[in-house]
Structures are given as C-alpha cells and as structure tokens.
Amino acid sequence: MRSPLKDRTAIAGIGQTVFGKGLPDSELALACRAIKLALEDAGIDAKEVDGLVSYSMQTAEEDEVSSALGLGDLTFFSRLPAGGGGSAGTICHAALGVATGQADVVVAYRSRKRSSRASRVWMQTDERVDRPREMWTRPWGVVRPVDELALFMRRYMQQYGATREHLANIAVAFRAHANRNPAAFMHSRPMSREEYMAARWISDPLCLFDCCLETDGAMAAVIVSAERAKDLKQKPVYIHAVAQGVVSESATMANFFSEDPLHTQAHACAKSLWRQSDIQPADIDVAQMYDAFTPEIFFCLEAYGFCKRGEGAAFTENGNITLGGKLPLNTSGGGLSEVYLHGFNMIVEGVKQMRGTSTAQVPDAESCFVCASDLNPTGAFVLRR
Amino acid sequence: MAVSILLPATEEPDSAPFWAAAREGRFVVQKCGQCGRLRFPPRPNCRACQSSEHNWVAMSGNGRIWSFAVAHKPVLPAFEPYAPFPIVIVALEEEPRLRIAGNVLTAPGAAINSVDVAMLKIDQRVKVSFEKVADDVSLPRWVLVK
C-alpha cells in the first residue's frame with residue numbers, strides 16, 4: 001500500500017535529562033529541560049514549536065510547557081491514553097500533524113517523577129472500584145500491573161513451553177546493554193543469570209528483575225518535515241511508517257475476558273504497520289520494544305511478526321536479542337535497565353541507532369522498529385536512515 | 001490509599017444484577033435476548049449482534065483454573081497478612097471463554113492463602129463459594145475440587 005505518510009517526516013532532535021530516583025526538579029522542569037535539549041540538538045528555536053504531543057499519567061501539560069519555554073502559538077496537540085501504550089503513538093501523531101500541515105515543528109515528550117513508593121499508581125486505587133478492568137480483578141488481590149502480567153505469563157508458559165530461562169534471557173541481555181550506556185540507571189550494575197534466578201518474587205512466575213525500574217527523568221523528540229530535516233544540524237532520521245492498534249474485544253492490561261487473551265493489542269497495530277511499510281520484519285536491523293515487564297517482549301516479537309505465535313520465548317535463545325545477535329533489542333537497556341519513562345526511551349534510542357551514536361550501536365543499522373506496550377491501546381513505527 | 005480490600009461498586013447499572021445475585025449466592029451472567037450468546041463481564045451490548053436485550057442466567061458455579069500467579073509483598077495493606085497468596089483466573093464450565101479473576105481456597109470460608117501453591121495447576125477444577133465481605137458485597141471465590 002502506498003502510504004501518504006511514508007518518509008514524509010523525520011525526527012530531527014532528541015533530548016534527555018539525567019535519570020534517577022527522587023530527582024529534586026518538578027515534572028514540568030524536567031520536561032522543559034528535555035525539550036530545550038532536543039531543540040538545541042535539532043538547531044530549532046523554541047518560538048518555532050507549534051505542536052506538542054504527550055501521553056497520559058504525567059502532570060506537565062501543554063500550556064504549562066509552552067508558557068515555561070516560550071514556545072510559539074500551538075496549532076496541533078494530542079495526548080494519548082494508557083500510559084506505556086502511548087509512547088510510540090506520540091511519533092505517529094507528530095508525523096500525522098506535520099505531514100498534514102497542522103504544524104511545522106512538533107515536540108513529543110515524556111516527563112515522569114514517580115520513583116517514590118507512595119506514588120505508585122496501584123497504591124492509590126479507590127476502595128470502591130467501578131470500571132470493568134478493576135471491578136473484575138481488584139477485589140481478589142489482582143491489584144498491581146505485575147499481577148496481571150504474571151497471570152498471562154503462567155498461561156503462556158503452559159501453552160508454549162516457555163520457562164524462567166527465557167525471561168532471564170531478556171533481563172540479562174538488556175542489563176548488558178545498559179552496562180554500555182553511561183546514562184543508564186543500571187550502568188554500573190552488571191547482572192548475571194544466577195543473580196536473576198535468585199531475585200525475590202514479586203508475582204510468581206515474575207521476579208524483581210522481570211519488572212522495570214522506577215525512575216525519574218524526561219525525554220523529548222522534535223519532528224519536522226523530511227525536507228526541513230535535511231537542512232538541520234543532525235542527520236535526518238526518517239519516520240518510514242506509523243500505526244496504532246486496539247484488538248477487538250481486548251481490554252487494557254487485564255485482557256482476561258476475550259476469546260483469546262494472548263491475542264494482544266499489538267496484533268491490530270502490526271497489521272496496519274506492515275501494510276504501510278516497505279521495510280518488513282525480516283529487514284529490520286534493530287528494535288526497541290516496550291518492556292515494563294519481560295513477558296511483553298515475547299508478545300511483541302510474536303505480534304509484530306518477528307517470529308510465529310508461541311515462538312517468542314525461543315526467539316530469545318542463542319543471543320539473538322543481544323548486540324551482535326539476529327535482532328538486537330532495547331540497546332540502551334530499555335525500561336528494565338536504562339530508565340522507565342513509559343517507553344519514551346525506546347524512541348530516543350531508535351533515533352540514536354539510526355544516527356550511529358548508540359552506546360550499543362548495531363553496525364550499519366539502516367532500520368529500527370519501535371513499539372509501545374502491547375497490553376494497552378498501542379502504537380509502533382519504523383525508522384530509517 | 002485504600003485500607004480495606006478493594007470492593008466492587010455494586011450499584012453500577014451494567015453490573016448491579018450480578019452483585020444482587022451474588023448476595024443470594026448465585027453466579028449469574030448475561031445472555032443475549034436476541035442471539036442467545038452468553039457474556040461476562042457484564043456489558044451493555046452483545047458483541048455478536050449488538051443487541052442490548054438480555055437476561056441474567058445462573059451458571060453452575062463450576063470452573064477450571066485458566067491461569068494462576070502468587071502475589072508477594074509489596075501488596076496493599078489489607079492483603080499483607082495473607083501474602084504470599086495465590087490469585088487465579090477461572091474459566092466457567094458452561095462457556096470457558098467466560099473468565100473471572102478470583103482466589104482459591106481449601107474450603108468455603110477459608111483464607112485466601114489457605115491453598116499450598118505448589119499444588120496449583122492450570123485446568124484444575126474449582127467450585128464457586130460466596131463470601132460476604134460487606135453488607136452489599138458477596139465475593140465469589142473458588143474452592144478446589146478434590
């Protein structure tokens with residue numbers, strides 16, 4: 001299919017703050033710092049920004065960011081739902097906004113300051129739950145996202161023969177990538193397979209190292225037309241194809257009530273993405289997949305067609321997902337070991353891979369796949385040099 | 001932050017009949033008034049024929065464990081005395097594509113951590129048992145069938 005969006009827009013700038021726990025700055029201050037850095041990286045003045053895209057579960061809102069940074073008049077803005085399901089969708093919306101002339105310079109951003117235990121979302125649930133996801137899970141103690149994932153994972157193990165060794169493949173590979181990345185929260189903390197296996201349970205079959213970090217920080221990306229990008233400071237990284245998806249009858253996280261619960265949200269997104277993309281799964285050189293919890297990697301590998309259904313666990317064997325392997329994944333360390341910003345670091349790392357500046361650079365990488373959480377209304381895109 | 005376990009709102013229009021039946025010890029689901037398809041959790045329309053006509057019909061209360069996990073700390077304060085405790089997804093016997101989250105018990109009224117988790121298996125048979133946890137809330141839980 002000839003997609004009217006194909007290669008029409010590019011990511012021209014990226015920015016990131018330091019990552020840590022209990023950073024003193026507000027979410028707004030962190031957002032502004034990341035956006036300022038991204039604009040400097042691109043060589044674009046703040047006054048030129050006329051579009052902002054973000055997603056749910058953050059406090060730094062469009063007008064506040066715009067006022068604080070002295071951005072221009074905004075003519076395009078959107079905010080995606082579902083936390084980690086939103087990340088990649090910001091690039092989809094930014095590309096749509098620029099390609100259709102709604103704005104010329106769109107900034108996508110994420111700021112998150114939720115590393116303290118008291119700020120965990122699941123700790124703040126009301127005592128009476130009335131929405132379907134919560135009403136049919138929470139009263140019995142299925143309260144944390146990790147509990148929902150653990151229930152999926154046990155079923156997946158039974159259905160497809162996956163084991164904890166496969167989960168370890170993911171956690172250990174991403175930690176090794178983080179160990180190469182000086183900005184990563186886990187940069188100086190190597191992790192062996194034995195350490196993974198000895199970690200405490202959070203929701204059996206998932207242990208501590210199956211769960212993402214809880215960190216503060218912010219990141220931003222600047223999206224402009226492909227023509228404009230050619231005249232800017234950085235080598236353009238083209239947005240080749242974008243897509244969003246929600247599978248019929250699926251539910252956010254607690255997708256236990258559909259005909260086939262392991263038919264995750266990403267299946268709808270994948271169909272749309274690969275129909276629009278000249279670059280197909282077998283052509284992808286490197287990928288960044290949302291990893292709030294290790295099992296999501298199996299689900300994404302399968303849903304996006306990097307392997308067949310039920311083969312996601314086996315795909316992680318033989319070093320396939322580490323640098324030098326068949327499909328290096330989450331080369332910055334991902335949400336498990338670089339930073340947890342609801343998946344925005346997948347976007348920034350994808351750009352670095354296409355620029356050739358990643359700390360775990362895949363030699364001569366020409367294309368990068370990026371996706372959001374596939375257990376929520378989701379999004380994905382393909383970048384190329 | 002919640003101090004009790006998280007209770008369902010029992011007066012929401014779509015789901016109130018379920019909780020009313022639960023108070024009487026019956027596990028009911030919606031049956032489409034037009035095409036007869038069963039559905040759960042409660043929804044305003046049938047996804048097969050879009051009809052909003054429906055009746056509430058009683059299930060046998062028999063099911064099988066579709067999946068399970070074991071929740072360890074940190075958990076909400078109300079669950080802390082029981083952690084680690086198993087959580088399950090149960091598929092209903094009459095229509096296995098209808099599922100509900102729950103707890104497994106050794107016997108009606110037993111604690112949510114009464115089962116030896118090493119004994120749990122997917123596809124194990126369970127039987128519903130209602131436990132009154134508030135004036136308006138009787139929660140379905142699941143007793144392992146020997």
Side-chain angles (χ1 to χ4, degrees), chain A residues 117-144 146-159 199-208 210-211 214 248-251 253-262 295, chain B residues 1-12 14-15 18-19 39-43 47 65-79 82-91 97-104 112-113 117 120-123 133-134 136-137 139-142:
Chain A
R117 190 171 165 172
S119 66
R120 288 175 186 167
V121 175
W122 64 263
M123 297 279 274
Q124 297 160 16
T125 317
D126 292 335
E127 283 178 26
R128 285 280 175 158
V129 288
D130 58 2
R131 295 175 61 203
R133 171 187 174 191
E134 298 186 332
M135 181 183 284
W136 305 107
T137 53
R138 303 300 187 250
W140 299 278
V142 183
V143 173
R144 305 164 299 177
V146 67
D147 299 319
E148 296 167 321
L149 259 291
L151 288 162
F152 276 113
M153 189 58 205
R154 179 92 56 192
R155 180 73 194 188
Y156 183 90
M157 286 168 141
Q158 159 105 358
Q159 211 158 308
R200 65 187 168 91
W201 292 119
I202 302 295
S203 197
D204 175 359
L206 300 180
C207 72
L208 179 65
D210 292 305
C211 304
E214 289 287 6
S248 176
E249 205 192 7
S250 63
M253 295 299 290
N255 188 36
F256 304 118
F257 311 119
S258 68
E259 196 100 25
D260 178 3
L262 294 175
Chain B
M1 187 168 63
V3 291
S4 82
I5 66 165
L6 304 175
L7 297 176
T10 55
E11 314 234 317
E12 289 299 305
D14 292 335
S15 52
F18 177 89
W19 297 111
R39 65 180 188 264
F40 186 85
R43 296 177 191 130
R47 74 175 249 103
I65 295 176
W66 181 82
S67 190
F68 66 96
V70 185
H72 289 249
K73 289 180 191 176
V75 294
L76 289 177
F79 290 103
Y82 305 100
F85 63 94
I87 48 183
V88 296
I89 301 294
V90 170
R97 68 181 173 80
L98 303 189
R99 306 182 196 90
I100 184 172
N103 303 116
V104 280
I112 61 169
N113 62 355
V117 294
L120 282 177
K121 285 190 181 62
I122 284 175
D123 284 338
V133 293
D136 61 327
V137 184
L139 283 183
R141 301 192 200 274
W142 303 86

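The sequence lines fix the lettering, A, B, ..., with proteins before strands; numbering per chain opens at 1. Computed from heavy atoms alone, side chains included, the values below leave out hydrogens, waters and symmetry copies.
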Which one wins on heavy-atom pair count under 4.5 Å against chain B: [options]?
options                : result
A:S258, A:P132, A:A251 : A:S258
A:R138, A:E259, A:R144 : A:R144
A:V146, A:T137, A:I202 : A:I202

Using a 4.5 Å cut-off on heavy atoms from C-beta on, say whether the side chain of [Y] contacts that of [X].
X      : Y      : result
A:W140 : B:L139 : yes
A:D210 : A:S203 : no
B:V117 : A:D204 : no

What part of [X] lies closer than 4.5 angstrom to a heavy atom of chain B: side chain, backbone, both or neither?
X      : answer
A:E134 : neither
A:V142 : both
A:R131 : neither

message = Please enumerate all residues that pass salt bridge (charged side-chain N to carboxylate O under 4.0 Å, His left out) together with B:R99, with sequence neighbours excluded.
response =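 Scan of B:R99 (salt bridge (charged side-chain N to carboxylate O under 4.0 Å, His left out), adjacent residues dropped) gives none.
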
task = State which residues pass salt bridge (charged side-chain N to carboxylate O under 4.0 Å, His left out) with B:E11; sequence neighbours excluded, sorted by chain then number.
result =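 If we apply the salt bridge (charged side-chain N to carboxylate O under 4.0 Å, His left out) test to B:E11, skipping adjacent residues, there are no hits.
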
I'd like to know which of [options] tops the heavy-atom pair count under 4.5 Å against chain A.
options                    : answer
B:S15, B:A69, B:P42, B:A83 : B:A69
B:W66, B:Y82, B:F85        : B:W66
B:R43, B:R47, B:E12        : B:R47

task = Determine whether the aromatic ring centres of A:W136 and B:F18 lie less than 6.0 Å apart.
result = yes

Side chain, backbone, both or neither: which part of [X] has a heavy atom under 4.5 Å from chain A?
X      : result
B:W142 : neither
B:F79  : side chain
B:A91  : neither
B:R39  : neither
B:V88  : backbone
B:L98  : neither
B:P140 : both
B:I112 : neither

ask   = Does the side chain to side chain contact (heavy atoms under 4.5 Å, CB included) test come out yes or no for A:Y156 and A:L151, once each step is laid out?
value = CA-CA 9 Å; A:Y156 183 90; A:L151 288 162; over 6 Å; no

task = Please assess B:I100 against B:F40 for the test side chain to side chain contact (heavy atoms under 4.5 Å, CB included), listing each intermediate value before the final yes or no.
result = CA-CA 8 Å; B:I100 184 172; B:F40 186 85; 3.7 Å; yes

ask   = After noting the C-alpha distance and the side-chain angles of A:N255 and A:E148, does the key distance pass the side chain to side chain contact (heavy atoms under 4.5 Å, CB included) rule?
value = CA-CA 9 Å; A:N255 188 36; A:E148 296 167 321; over 6 Å; no

key: For the student: nearest non-hydrogen atoms of B:R141 and B:V133, plus distance   =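 B:R141 and B:V133 have their closest heavy atoms at NH2-CG1, 3.8 Å.
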
message = Classify the ring geometry of A:W201 against B:H72: parallel below 30°, tilted from 30° to 60°, perpendicular beyond 60°.
response = tilted

